[in-house]
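Data block below; observations after.
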Amino acid sequence: MSEKREAPKGREAQISNIRAAIGIADAVRSTLGPGGFDKMLYNEAVGALVTNDGVSILRDIDIEHPGAEMMADVAKTQEATCKDGTTSVVVLAGQLLAVSEILLTRGVHPSDIIRAYQEAGRLTLSDLDGDHWLTDVDIVDIAKTALRGKAAEADLDRAAALCVEAAEKAGGNLDRIRVVTQTGGSLSDSAVHPGIILNKAFVSDETPKSVDGPVLLLNGGLEGLDYSQVQMQVTDVQQMHAMQQQEHQILSDAAAMVAGAAEGGVVFVRDRVHEAVSHYLHQHGIPLVTSLQVSDMEALSRLTGAPIYHRIEDVKDIPPTAAVEERNIGDLRYVTVDGEGAAVTLLIRGATRSTLDEFERAFDDAVGVTCLYMNDQRAVPGGGAAYSHFGRLVRKKAQDTEGLTARERMAIEAFADGLEVIPATIASNAGMDALDVVMELRSITDPRRGLYINGSVRGIEDMVDVGVVEPLALVEQVISSAVEVTLAILRIDDIMGRRTE
Ligand code: ADP
Ligand code: MG
């Protein structure tokens, strides 16, 4: 919202940044946890929007306020590094800022808050790697935790199994996992394919449905002259005829070259292909797939090791081979390209475009955390258990450390309050009394206990026993990013103060 504003200074700048950042947290808060809603949200700073995914909101809106922008950036970082936890990071940072605003109004100096938060943050992160967490975590539970409260929940077991299968086939390498969505059918028709699935069919119905031969990748098109682009003066029919002859010759030369390089195999062309060429390939029994995306071409190249040629004249060697097939999956035709490791495709089916979009977002998170866990093998209990454990730890630190001033103690305790926003928000989004839950969690000592929500079942449980666990790396990133952005926003006053001196 582009109201002209005088750059605010000092405390005013700080409060205005804090408020804008809290506004962002308020906007996504209601989506956190398994009871989280899809909502239309309205916020003065950012306007109205409909969402069910924290980072999607923040990606799509035009955020002008620097404080709000920093929050949106932190969600993007979370998305880029972990895929999941985007709502958590924003909600946590928002709460750390909300409690610091109270401290500021009580006259605590920002630099005292910054110091206390730094220390409490360090304490939390160093404890995170302790051995009081878990031993045997089922990787399926990691996927399930990320999928809970999302659209795919109805088919939780199936969806989690698909995520784990994709992650395992890709060796935990998220970059190798492609997600293809297709309307029609249901989630149970979804599948993981070792290799690539293209939402395409062979150009001709009469070429073989399945080949195992050279894979020719052409980056351009194989078209004739584009008459609309060419200025010609054709004076007689014969001249026209000669030109067409010439074009025909060029195309059949190209077709012969393509057929020569791809004999027994298949041709993938990024752009369109002239009738004459595709007819020639058809006659030679070589399947052709056209109009592909650059990302598809690149994935095909990675999977098969076949180079991407820009012009057919550049093809000197017979390209590497792969098994390529046109199949019916459900009621639709796809082209599958087999290969191990370099690409894995998760084909998700769903009744309508909107359910599919929701599945896709949920799978995106869940496949991401499953890979994250595969690569690190460390997990922590979910349902706010880790956050309440840290809250207790930090609160105890504030009480036990000797020689702290009242303000320092207050600031450290504020950090502990901030951490409790995660279980509190999960609770209130599930219709529970947040304060009751927070108080109960404060009184326990077992770090594995957190808030478990499953339909109408809700209460404090051992989160490992109920299978709600998340990668340690995820929680680590949430806390470190939330602290970082909080400190950055709190520091803005200092910078402006110095400049205007
Ligand atoms: P984010 O964008 O931060 O991942 P989510 O809406 O996915 O937000 O919510 C994640 C939070 O929900 C995590 O703290 C996770 O531990 C918690 N959670 C997931 N499943 C359950 C459950 N069954 N009971 C309680 N909390 C859960
Ligand atoms: Mg999540």
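Each ligand, and each atom within it, is numbered from 1 in the order the structure gives.
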Legend entry - side-chain contact (heavy atoms from CB on, under 4.5 Å) partner of Met70, chosen from Ile492, Thr486, Ile24: Ile492
Counting only heavy atoms, tell me which of [options] gets closest to [atom].
atom                   : options                       : value
atom 3 (O) of ligand 1 : Ser88, Gly467, Ala386         : Ser88
atom 6 (O) of ligand 1 : Gly33, Gly382, Ala366         : Gly33
atom 2 (O) of ligand 1 : Val380, Thr87, Ile422, Val369 : Thr87

Legend entry - Pairwise distance CG(Asp296) to CD1(Ile197) - rounded to 0.5 angstrom: 12.0 Å
Inset, instruction - Run the numbers for me: atoms of ligand 1, each under 4.0 Å from some heavy atom of Leu451, listed by number. - result: 24 (N), 25 (C), 26 (N)
Any [X] side-chain heavy atom under 4.5 Å of [Y] side chain:
X      : Y      : value
Ile479 : Phe390 : yes
Leu32  : Ile426 : yes
Arg29  : Gln95  : yes
His193 : Leu347 : no

Legend entry - ligand 1-proximal atoms of Val89, by part, heavy-atom distance under 4.0 Å: neither
Inset, instruction - Please work out whether any backbone atom (N, CA, C, O) or any side-chain heavy atom from C-beta onward of Ile426 is under 4.0 Å from ligand 1, and answer side chain, backbone, both or neither. - result: side chain
Purely on distance, is any nitrogen or oxygen of [X] under 3.5 Å from one on ligand 1?
X      : value
Ala146 : no
Asp84  : yes
Leu32  : no
Ile453 : yes

Inset, instruction - Tell me, yes or no, whether the heavy-atom count around Glu165 atom CD, taken from other residues, nucleotides or ligands under 6.0 Å, exceeds 12. - result: yes
Inset, instruction - State, to 0.1 Å, how close Gln78 and Leu474 come at their nearest heavy-atom pair, and which atoms those are. - result: NE2-CD1, 3.5 Å
Legend entry - Pairs meeting criterion salt bridge (Lys or Arg N to Asp or Glu O under 4.0 Å) with involvement of residues 411-422, two or more places apart: Arg395-Asp417, Arg395-Glu420, Asp417-Arg442, Glu420-Arg442
Inset, instruction - May I ask whether Val468 has any heavy atom positioned less than 4.0 angstrom from an atom of ligand 1? - result: yes
Inset, instruction - Tell me the protein N, O or S atoms under 2.8 Å from the Mg ion (ligand 2), in chain and number order. - result: Asp84 OD1
